[in-house]
Amino acid sequence: MKMSIVEKILKLKKEKKAVILAHNYQRPEIQDIADYVGDSIELSRKAAEEKDAKIIVFSAVDFMAESAAILNPDKKVLLPTLGARCPMAQMLTVYEIKKWKAAYPLAPVVLYVNTLAEAKAYCDICCTSANAVEVVESLDSETVLFGPDSNLAEYVRRKTGKNIIPIPEKGFCPTHLLFQPEDAQILKRKNPDAVLMVHPECTAEMQEIADFIGSTSQMCRYARESNEKRFIVATEEGLIYRLRKENPEKEFIPAYEEAVCPNMKVNTLEKIYTALKEEENVVRVPEQIAKRAREALKRMFELK
Ligand code: 13P
Ligand code: SF4
């Protein structure tokens, strides 16, 4: 009898001692077969904890798979689609970091994990949207260089009161920029009982009208634990699938249905199958870069 693509992946996964980690924005059918679905900090942690697996298939974008490779130099980390690149991660070059460090030699550099490995090698500590405030608060400096997301930088500035200098000045996520406060206000007026959840990669104007701001998994936790029944969700549309699956009795309204990250969506079951079968698209980070980037990631994990 002919096996389905899901059966083929699961069989191969067992034979090769592989685990599949999928970000919250992955297609529903990928979330359904993954061993673990989460936000970027949870997935990095999972990758760091993977002791028994020989292969990690990281269904997400480049920087997340790179972090897994940095944390697991002894394992094969596969990215199902080589071209799955986060445009925001590409916005911060090493040249730019050096330029800002020269201008503010005493300021620590905090980099969002949405950066390339070579950028991470030049920072003091990494952060994700789930822990950026705690990371910056842990630093013994009032001035902090923070990149590449200027919206997350602004969120951190408001929460900590510190002098947060965004590097580059206007780094952004093209998908989260699609959320407009005017549209969200209309939805709020139509659904006065709904709670507006906003990702900190959205603009400051969106953050201002939010009832809750958090990472993708923090939104999942909030929706699960809250007594509220209806939620307007301002982040990439893939999260809606997980929210509905985990909370069938609650209602989730996308703040903008077209907010799709094309880079996250290039991964498919077929590509996962081929990558695993051929053991192709291995993510490699040169050890001299990985060593320094690993330190920055580990400092973040040590915080909590
Ligand atoms: P999370 O860590 O909240 O999942 O965010 C990752 C990301 O790329 C958001 O665009
Ligand atoms: Fe990058 Fe934005 Fe896509 Fe997240 S949603 S991977 S930040 S482009």
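Note that this is a predicted model, so its numbers are computed, not measured. First listed ligand is number 1; within each ligand, the first listed atom is number 1. By convention here, the first residue in the shown sequence is residue 1.
- Using a 4.0 Å cut-off to heavy atoms of Tyr25, the atoms of ligand 2 that qualify are 5 (S).
- Atom 3 (Fe) of ligand 2 has an N, O or S atom of Cys261 inside 2.8 Å of it.
- Ionic pairing of Glu208 and Arg158 is not present here: no N-O contact between side-chain nitrogen and carboxylate oxygen is shorter than 4.0 angstrom.
- Interface atoms of ligand 2 facing Glu201, defined by a heavy-atom separation under 4.0 Å, are 2 (Fe), 7 (S).
- Here Lys99 pairs with Glu96 in a salt bridge; the nearest charged N to carboxylate O distance falls below 4.0 Å.
- Side-chain contact check for Tyr112 and Ser40: no donor-acceptor pair (N or O, by modelled atom type) lies under 3.5 Å.
- Contact annotation: Met88 has no heavy atom less than 4.0 Å from any atom of ligand 1.
- Contacts between Asn114 and ligand 2 below 4.0 angstrom, taking non-hydrogen atoms only, involve the side chain exclusively.
- Proximity of Met88 to ligand 2, defined as any heavy-atom pair under 4.0 Å, is confined to the side chain (atoms from C-beta onward).
- With respect to the salt-bridge test (charged N to carboxylate O, under 4.0 angstrom), the residues Arg45 and Glu49 do not qualify.
- Heavy-atom separations between Ser129 and ligand 1 include at least one value shorter than 4.0 Å.
- Using bins of under 30°, 30° to 60° and over 60° for the plane-to-plane angle, the ring pair Phe252/Phe231 lands in the parallel bin.
- With respect to the salt-bridge test (charged N to carboxylate O, under 4.0 angstrom), the residues Lys120 and Glu66 do not qualify.
- The contact set between ligand 2 and Cys173, taken as ligand atoms under 4.0 Å from a residue heavy atom, comprises 2 (Fe), 5 (S), 7 (S), 8 (S).
- Nearest to atom 8 (O) of ligand 1 among the protein's heavy atoms is Asn114 ND2, 3.3 Å.
- Counting only heavy atoms of the protein, atom 2 (O) of ligand 1 lies nearest to Ser40 OG, 2.5 Å.
- Of all atoms in ligand 2, numbered sequentially from 1 with element shown, those under 4.0 Å from a heavy atom of Pro87 are 8 (S).
- Counting heavy atoms under 4.0 Å from ligand 1, residue Ser215 touches it through both backbone and side chain.
- Ionic pairing of Lys265 and Glu236 is present here: one or more N-O contacts between side-chain nitrogen and carboxylate oxygen are shorter than 4.0 angstrom.
- The protein atom (non-hydrogen) at minimum distance from atom 1 (P) of ligand 1 is Thr216 OG1, 3.6 Å.
- Residue contacts to atom 2 (Fe) of ligand 2: Cys86 brings no N, O or S atom closer than 2.8 Å.
- Each of the following atoms of ligand 1 lies closer than 4.0 Å to a heavy atom of His176: 10 (O).
- A salt bridge between Glu246 and Arg242 is present, with a side-chain N of the basic residue lying under 4.0 Å from a carboxylate O of the acidic one.
- The closest protein non-hydrogen atom to atom 5 (O) of ligand 1 is His199 NE2, 3.4 Å.
- Considering only non-hydrogen protein atoms, atom 10 (O) of ligand 1 sits nearest to Glu201 OE1, 2.8 Å.
- Within the structure, ligand 1 lacks Met219 among the residues with a heavy atom less than 4.0 angstrom away.
- No hydrogens or angles considered: nothing links the side chains of Thr216 and Asp39 as a donor-acceptor pair under 3.5 Å.
- Under the 3.5 Å distance criterion, with hydrogens and angles disregarded, no donor-acceptor pair is assigned to the side chains of Tyr25 and Asn263.
- We find that Glu50 and Lys75 are not joined by a salt bridge, their nearest charged nitrogen and carboxylate oxygen being 4.0 Å or further apart.
- At the top of the distance list for atom 6 (C) of ligand 1, counting protein heavy atoms only, stands His23 NE2, 3.7 Å.
- Lys188 and Asp211 are joined by a salt bridge, as a carboxylate oxygen and a charged side-chain nitrogen come within less than 4.0 angstrom of each other.
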